[in-house]
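Index from 1, following the sequence. All ligand and atom numbering here is 1-based and tracks the order in the structure. In this text, all values refer to a predicted model and were calculated from it rather than measured experimentally.
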Amino acid sequence: MRERVGIGIDVGGTNVKFGLVQGRRVLFQSSFPTAGSLTPKALDQAMVNAVHLLIRRSKEPVAGVGVGIPGLVKVPQGIVLSCANLVNWKNVPLKGNLKRRLRLPVEVENDVNAMTLAEWKFGAGQGVSNLVCLTLGTGVGGGLIINGRLYRGWNGSAGEVGHMPLGEKGSPCSCGGIACLERTVGNREILAWVRRRLRAGEKSRILELAGGNPAKIIPPMIDEACRLGDRLARETWSRVGTQIGLVLTGVVNLLNPERIVIGGGISKAGRWLFEPMRRTVRERAMRGPGKVSIVPAQLGSSAGLIGAALVGFGEGCTSFRRTK
Ligand SMILES: [Zn+2]
């Protein structure tokens, strides 16, 4: 059977990406700036324009529109309760607004839940019914598939693995908590840790790769330095992998997932990050749940669009059985 064509809209911190999606393929995509000061009304209009543009480009009828929002969404009503990047977005009935103007099926979902659906249906999570998906970036997001369906918790915020605390004391977090995983393994915190070590006089290839300027360091330079055998670089990913592994130990003991999929920018660090993560879970988790496999995500930066399009088909609202 030919797969339907849908539209995915992925609202990010800097850009709103939108694309025409068929199965796991993004047929066409473009974006417009998010500009956090815009009102919900202006963003509604920009999304409607984007959808019209995509409908014009599509050779086939569009079956639905899905929107991934980096915030708390009331599903299935499609009300955006709050959104990290868009401070004006409080209780916005986005699904209703778009549906009225587009006359197409519309669904709205948390962006990491959408990515989780994408990796589950088309990526590294295929074939299992119990899955945890983690995205590592500026923020650390998580999504859960439990018994073959997306698990949202009672009011839609389940899966926030990045906001599990690592201790009693530590840095305050944007979520209102203290010492969250994100405060140690978010991109900014990783780079700040590396810079502190360099300031303390540690020698590292990372600094050479950044042309001697600590402000220019980005995570791929740490990966490159790892390959060159750099001690600080390897210690960086080992520390990050261990901290994530500790939290995942709790997650696997609690949920007993078959697979954990790790995506987002720093997951590109590969074995330097994955080995300490896997080792920590193997050593610390209970024997049964510890048999989980921890694998990199497969869909890369397209996961958001592919997942949003899946949401538009109503995949997030129903349990769809996986065939092995
Ligand atoms: Zn937090």
Side-chain angles (χ1 to χ4, degrees), residues 10-14 34 36 68-75 80-91 109-116 131-146 150-196 219 236-237 239-255 257 260-267 269 273 276-277 280-281 284-285 294 297 303-304 307:
D10 185 21
V11 179
T14 327
T34 310
I69 295 279
L72 197 54
V73 179
K74 195 172 177 186
V75 180
V80 180
L81 301 175
S82 64
C83 178
N85 310 312
L86 304 163
V87 284
N88 299 325
W89 283 46
K90 290 266 183 297
N91 299 311
E109 180 59 89
N110 169 271
D111 61 345
V112 182
N113 283 352
M115 277 186 235
T116 301
L131 175 76
V132 173
C133 196
L134 213 62
T135 61
L136 308 172
T138 309
V140 175
L144 309 173
I145 303 288
I146 296 181
L150 188 64
Y151 181 79
R152 296 190 183 85
W154 81 268
N155 76 355
S157 70
E160 293 290 358
V161 179
H163 297 284
M164 292 179 70
L166 282 167
E168 193 184 353
K169 297 201 174 92
S171 320
C173 182
S174 57
C175 73
I178 289 172
C180 292
L181 176 66
E182 191 175 292
R183 292 280 73 82
T184 300
V185 306
N187 279 356
R188 274 193 302 259
E189 287 75 12
I190 294 169
L191 295 176
W193 185 85
V194 170
R195 288 177 190 129
R196 268 200 305 278
T236 303
W237 291 141
R239 173 177 171 270
V240 168
T242 303
Q243 299 295 324
I244 296 171
L246 284 174
V247 165
L248 288 181
T249 297
V251 170
V252 303
N253 285 348
L254 181 70
L255 298 175
I260 298 174
V261 173
I262 312 271
I266 67 163
S267 67
L273 179 71
M277 206 168 4
T280 306
V281 172
R284 300 287 293 267
I294 303 177

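- Each of I244, T249, T242, L134 was evaluated against M277; a single residue qualifies, I244, per the side chain to side chain contact (heavy atoms under 4.5 Å, CB included) test.
- In this view, T236 and I190, W193, V194, I222, L232 satisfy the side chain to side chain contact (heavy atoms under 4.5 Å, CB included) rule, not counting sequence neighbours.
- Each protein N/O/S atom under 2.8 Å from the Zn ion (ligand 1) was counted, for a total of 4.
- In this view, N110 satisfies the side-chain hydrogen bond (donor to acceptor under 3.5 Å, both in side chains) rule with no residue, not counting sequence neighbours.
- I262 is listed as a side-chain neighbour of L248, based on a closest heavy-atom distance under 4.5 Å.
- Distance alone, capped at 3.5 Å, is enough to place a donor-acceptor pair between the T34 side chain and the G12 backbone.
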Determine all donor-acceptor pairs shorter than 3.5 Å in which one atom belongs to a side chain in residues 165-189; sequence neighbours excluded.
| from | atom 1 | to | atom 2 | distance (Å) |
| --- | --- | --- | --- | --- |
| E182 | OE1 | V140 | N | 2.9 |
| E182 | OE1 | H163 | NE2 | 3.3 |
| R183 | NE | E189 | OE2 | 2.9 |
| R183 | NH2 | E189 | OE2 | 2.7 |

